[in-house]
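The next block holds one structure in the form of structure tokens; read it before the comments.
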Amino acid sequence: MATGFGGNGSSSCKYKCDTAANTLQWIKAIADFIRPYSFLINAPVVNFFKDRLWEAVDEEWMECLRKEHVKNLLLIPSGAVQEYWPDSLKKFIRTSRSLAFGREQADLQMVLPGWCIASLNTVLSQGMNQKKKHEVEVLSAIISLIASDLKSHAIVDVGAGQVTLTFITFCKMAQVLSFHYKHSVLAIDACSHHGNVTSARSERIKKYYSAQIRKSGLETNNLRLPKAMAFRVLSVDALKSLANISLQDDHADKTSVTGDDLEKTNRQESKGLCSSGKEPSMVLAGLHACGDLSVIMLRTFVECKEVKAVINIGCCYNLLSEYESDNEGVQNGFPMSFGVKSSGLFLGKSGRDLACQSAERWRNLENEGGVHNFELHAFRAAFQMVLYKYCPEVVATCPSVGRQGKALRRRKKREAALSSQCHEDKLEASQSDLIGGLPDNSNAFSHTISDYGSTPCEQAKSVDKYLLFEKFCQSGLNRLGLQSLQDMDYYGIWMDNEPFAELIGPYWSLRAALGPVLETCILLDRLLFLQEQGESLEAMLLPIFDPDLSPRNVAIIARKVGAT
């Protein structure tokens, strides 16, 4: 296995991560580049209107982009520029792209000799969408190859217990490795309910495979199910405590245990292993392990001699803990490496949030989807103005109103289905409905809208946006446990800020261009942590999925040198 996947996926890239020195050089280049743009990275975008955030950006850039076609804005995080843009803007975008780790799917058969993907049957792939099926097929083949090469006793599939889709994939991964590739698998999660669901589904799959085996006249005694285990807290110590568990002789009648049972099991298993002279060996695997869970996996791999390899794809960088002066001595999620700690690089909450932005997702958005996303950011920023004016004590708590985009998107689609054209009667009906639902001071609005200097179609769009904003505010207040007051002037606040709403698209596109760079910094820090362990292990970063299907596609693959 190579010590580092050589570069960022581009043959013309001058940055490499094949050695610790080269990886650190790349990280330092990123740190030097992002330093002047801290105002973009650290800006609380909910305060876009309040703090007039666009004024901190080069005025020439904003003037150029404010009237740019939405599709061109969505391509900025992918490094696409227009020739008529200012040279300084083009340099910023191109440099951002050059510093980001390449996402083009690697030639896995070349990088991992012997790797061969197998298409899952309908029983194992039941309930998977195209993205999840692709991820499970590719990753399970990689895990199986490495586990077989190392003659591993068990694969430990690490789940997060936080996100439903993550859990679904985690559940399916364990079952594919167990039933399709015939490995002994322990699926662990922070939620005991998830473990129970995994076991129940495994029982159903076992019935199918048992029937198929009986039809062929073979014995079913060796048909194993993945064992599920729940820990209240997934930690390095918790994962290390699994080292002495042997699953080789465990069959389907023993599929679910808890962390509380582990001490007794460890004593029994360690005696058996010692008497047999066998050293236990495990492979840790995690698909989209959230936040610090990915870090825990990597630390466990380094600290636990029984763990011979780790395959990890991280996500949810916003949930990472980060080193600060007041928590010195605590093992944090970022930075992991000595090199980055020594550099003093700090991303902050906003930077870690931004690292979750995917250039591929931006690029694949339809124009309508891009416009809708920009509108939602405008609504949220204008809603922040409502909170500042009427609920200032709530603002101090940094409130989160969650994701309201899907509901608003469905509403817009329903309205679009009723009519594809703008008519005068639709405008009048919209005015009537709006005025009827406004507070007592709404007469001022009826005069304003009649005097609005725009075409009927533009007036209808303005009314429609205001109606959506009002709904957004009401939903946001409800989520915060607040009531809408009669004197809340939603319309006045919206009209004061709407002229600047067109600047949100350019601003967010420029911020999103830094997202892949920040994610690269986090990934390189993890790789450097492994490289700093010396010649005792090999590690690499490898883009294993099709980025258009699964943008979070970079795996950290590492193994102990000499492990067999």
Side-chain angles (χ1 to χ4, degrees), residues 9 74-75 77-78 100-109 112 115-144 157-177 179-181 187 189 194 197-198 201 205 226 285-291 293-294 311-319 355-366 368-370 372-373 403 405-406 409-410 512 515-516 519 523 541-557:
L74 297 176
L75 290 174
S78 295
F101 192 87
R103 295 313 180 98
E104 183 180 352
Q105 186 178 18
D107 184 343
L108 297 178
Q109 290 180 323
L112 301 171
W115 176 85
C116 182
I117 193 169
S119 182
L120 300 181
N121 61 41
T122 56
V123 175
L124 285 173
S125 63
Q126 183 180 8
M128 295 187 195
N129 59 23
Q130 184 185 13
K131 175 180 182 290
K132 294 303 174 187
K133 186 171 183 288
H134 170 70
E135 291 171 344
V136 171
E137 286 180 340
V138 172
L139 184 56
S140 60
I142 292 174
I143 296 170
S144 178
D157 190 7
V158 183
Q162 295 180 27
V163 184
T164 301
L165 286 177
T166 300
F167 160 65
I168 290 173
T169 310
F170 149 74
C171 167
K172 302 292 178 62
M173 184 71 67
Q175 290 154 356
V176 170
L177 288 168
F179 289 108
H180 187 81
Y181 289 103
D189 195 86
H194 287 175
V197 173
T198 301
R201 187 175 185 276
I205 296 174
L287 173 58
H288 296 152
C290 295
L293 186 57
S294 289
I311 303 100
N312 171 262
I313 300 96
C315 73
C316 303
Y317 306 118
N318 53 308
L319 300 179
C356 298
Q357 293 293 321
S358 161
E360 287 74 22
R361 285 206 177 101
W362 277 69
R363 184 177 66 232
N364 291 330
L365 273 177
E366 299 292 338
E368 183 181 350
H372 176 72
N373 282 348
R403 297 182 178 182
K406 288 185 178 180
R409 191 180 294 117
R410 285 195 297 267
E519 183 184 16
L523 293 173
L541 296 179
L542 192 67
I544 63 173
F545 303 136
D546 178 347
D548 289 329
L549 285 175
S550 182
R552 200 73 60 222
N553 74 337
V554 178
I556 295 181
I557 302 176

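Here, residue 1 is the first one in the sequence, and each next residue gets the next number.
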Check for a donor-acceptor pair, side chain of [X] on one end and backbone N or O of [Y] on the other, with a separation under 3.5 Å.
X    : Y    : value
N553 : F545 : yes
N312 : I556 : no
E137 : L120 : yes
R103 : P551 : yes
H134 : D546 : yes

Do [X] and [Y] have side chains that get closer than 4.5 Å, going by heavy atoms?
X    : Y    : value
C290 : C315 : yes
V158 : L293 : yes
E519 : S358 : no
P543 : Q105 : no
S550 : H288 : yes
R363 : D548 : yes
H372 : L365 : no

Begin with the C-alpha distance, continue with both residues' side-chain angles, and end with the deciding distance and a verdict on side-chain contact (heavy atoms from CB on, under 4.5 Å) for L523 and Y317. CA-CA 10 Å; L523 293 173; Y317 306 118; 3.9 Å; yes

How long is the gap from [atom1] on [X] to [atom2] on [Y], to the nearest 0.5 Å?
X    : Y    : atom1 : atom2 : result
L542 : L112 : CG    : CG    : 6.0 Å
D157 : I143 : CG    : CD1   : 6.5 Å
M128 : T122 : CE    : OG1   : 11.5 Å
Q175 : S125 : CD    : OG    : 11.5 Å

Testing the basics here: between [X] and [Y], what is the closest heavy-atom pair and its distance to 0.1 Å?
X    : Y    : value
V138 : W115 : O-NE1, 3.5 Å
S144 : Y181 : OG-CD2, 3.2 Å
P516 : A359 : CG-CB, 4.2 Å

Evaluate the criterion side-chain contact (heavy atoms from CB on, under 4.5 Å) for residue pair I313 and L139; output intermediate values, then yes/no. CA-CA 10 Å; I313 300 96; L139 184 56; 3.7 Å; yes

Residues in side-chain hydrogen bond (donor to acceptor under 3.5 Å, both in side chains) contact with S140, at least two apart in sequence or another chain: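 Here no residue qualifies.
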
When you check the gap from the basic side-chain N to the acidic O, do R552 and E135 get nearer than 4.0 Å?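 So R552 does not pair with E135 through a salt bridge.
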
